[in-house]
Amino acid sequence: MVDEKNIKEDLDFWATNSEESGWNISSTDEGSQKMLEEEDEKQIKIQTGSDVVDDYVYNEETTEDERMIVNMGPQHPSTHGVLRLQVELEGEVVRRVKPVIGYLHTGMEKTGEELAYFQGPTNTTRMDYLSPLFNELVFSLTTEKLLNIEVPERAKAIRILMTELNRVSSHLVALATGGMDIGALSMMIFGFRERELILNFFEKTTGLRMNHNYIRPGGVAADLPDNWQKDVKEILKVIPEKLNDYDEMLLDNPIWQGRLKNVGILTTEECLAYGITGPSLRASGFSWDLRKTQPYSGIENYEFDVPLLTDSDVFSRWRIKVLEIIESLKIVEQVMNTIPKGPYRIQDKKVTPPPRKRLDESMEALIHHFKIYTEGFKVPPGEAYVAVESPRGELGCYIVSDGSSKPYRMHIRGPSFCNLQALPVIMADSPIADAVAAIASLDPVIGDVDR
Amino acid sequence: MFSPDNIFTTTIDKAVRWSRTQSMWPVTFGLACCAIEMMAAGSAKYDLARYGMEVFRASPRQADLMIVAGRVSQKMAPVLRQVYDQMAEPKWVIAMGACSSTGGMFNNYALVQGVDHIVPVDIYVPGCPPGPQSLMHGILTLHDKIMEGEINR
Amino acid sequence: MSYETINVDINQYYETVENFKKEGYEMMVDLTAVDWYRKKEPRFQVVVNLLSVSKNLRVILNVNVPDESLKIPSICEIYPGANFFEREVFDMFGIEFENHPELTRILMPDDWTGNPLRKDYGSGRIPVQFKNAPKVD
């Protein structure tokens, strides 16, 4: 239990924003719960499991009416969707947090069992709606692993091009909404403005601004449009310039720094214990990027760095997204210069439907077309897990096939679902004003959490 | 209008309807994918402020319009109804996107098959997700509807 | 990326996971279940995905859950990140995790009946009705 002196020191810290008053979050595998240091281990588990119960044993110094449980959400502008948080407050201080999720549960894993494999991306793309192409990619890669097929080089390059652009657009939204939560409203306007550039390119290529259903098992749905290099060059030219603008506006901004630095610490140990991946892990000083360690879709052929920051606070989680945008644009540029010619879908009649004009000429093509669009292609029995590095961390897909044309079980490991478990850790024992910054820094997408 | 020389005549009906359309504040009710497009509609390029609607109110008490942007799950349905009940009259509802209009492609146990099971809907905006232009078209259609409709709902 | 798949007996499950943690599998990435309704015995299989970030290895453990009890030890003590995943499996499949700190429904409302991802649970499809469509006799 925290004695009175400690509370006083903590209050000093919030007043002065300095490290001197002994502000250190104890990091254990179970997470950081400073107020519970002397409790037994089981109790700590319960706390980090964020169980806000009314029969909590109170500190002797804290009287009961000093604690209150406040409900935040599910309809709240800064919870990034329909996240609900039960926050236990002691004055201005957040003591415990319990995330309550499921308000966007769509039953997609059940629907995925009813849709054939070629329809699968339609379903998965709507999960993480800020990075839809990654969902399609991971589903397609898993299906291809079960089918044991290799897509053409051009299809791989297009996939990398589109997903890395998607990473840029997703991070831009993260920066924008993060800025909005802190109060930097210009950042929100800027982020969405730059995102439009990329969305226009997506619309030209895939037909939709979001939820593209573009990457499918066996390749991609369509080739890149004519003169696509022009659009990509425009993106490559404009976005770095705008990133400089953001830096000019925010990087040395004392308000921005004061609100974000040394706030919401999430150490490497906590990340590993809670299974948190992606920018949050890299911002804590641990270099782990599936694009480097377990590469997919030929991304190992391109040169890029994995940005690494060591402060593990909200500021570095914001900063690393800016750095990752720059790296992604590097990959996009390389893909643009080295993209091979050739087919954009696998030339396997069992998987890829024939082109429309062949249907008038060939009986066989008609039969294949009919079979694929009514029944779908059959996938050999087995199970496969494939993971890709989505903008929020490891996005995995686990499919169990029973030999039919529909998945027997389709499970998506959403990075936001896992990352959300860190909220009680990073919000505990911090002022309520920092809670919003902490949520924004994790960048949760509730569609990915609830699926 | 305020100087004694100028006189502006209209019917009270028309004046009320006009004032209702010109500053219609939506409540922030972003649920899923469509919420991102709703935010895009409010930001720089599409600029919902042209219709006096850029102020997304966090409190339903201050809002006139609920844009149900995204899929409504069974768990969210009571919350949605509560937010709607808290809004002051007159109030309107736009069902944005396929999921909130009909359930969309997710015809399963988890979703409410159309938000009109819970709240009365004035305008349905099609698309998955509808682009900001579609949403604005829906909003302008709602404005027309208000201008032509009765003032006491 | 290849990985190893290991079938683990339920009695050795907890110890196996503990050993993997000691061997350097720092992260529990994923935990889910498969319902082999009328296809296999026993019916439920829990699938645990462990990742070693230091050695860049991945291992997938398959554990069969006995039909009679539908109980399996919780690994929240070893990997705190398993908390949400175990609650999700409890919610969706009805498998109980022993010694879990807070085993309640996570995605569905608390008063929901049934476990949606079980194979004998219907998808809840509602037939689409069209207004003014001619009636089919």
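So you know, we letter chains A, B, ... as the sequences are listed, proteins then strands, and number each from 1.
- Counting heavy-atom pairs closer than 4.5 Å to chain B, the top residue among A:Ile189, A:Thr106, A:Asn211, A:Thr111 is A:Thr106.
- With a threshold of 4.5 angstrom between heavy atoms, A:Arg126 approaches chain B through its backbone and through its side chain.
- Atom NE2 of residue A:His105 and atom NZ of residue B:Lys75 lie 9.5 Å apart, to the nearest 0.5 angstrom.
- Residue A:Thr122 touches chain B through both its backbone and its side chain, counting heavy-atom pairs closer than 4.5 Å.
- Heavy atoms only, all atoms of each residue included: B:Arg71 and A:Met127 are closest at NH2-O, 4.2 Å.
- What you find for B:Ala110 and A:Gly107 is that their closest heavy atoms are CB-N, 3.8 Å.
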Could you go through the side-chain contact (heavy atoms from CB on, under 4.5 Å) check for A:Lys110 and B:Phe106 one step at a time?
CA-CA 10 Å; A:Lys110 191 84 175 174; B:Phe106 304 109; over 6 Å; no

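- Contacts between A:Leu197 and chain B at a heavy-atom distance below 4.5 Å are absent for every atom of the residue.
- Distance check: B:Asn107 CG to A:Glu114 CD gives 8.5 Å after rounding to the nearest 0.5 Å.
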Assess whether side-chain contact (heavy atoms from CB on, under 4.5 Å) is satisfied between B:Met76 and A:Leu104, documenting all intermediate values.
CA-CA 7 Å; B:Met76 194 66 193; A:Leu104 198 57; over 6 Å; no

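- Interface remark: A:Asp450 contributes no atoms to any contact with chain B (heavy atom separation under 4.5 Å).
- Distance check: A:Met188 CE to B:Ser43 OG gives 5.5 Å after rounding to the nearest 0.5 Å.
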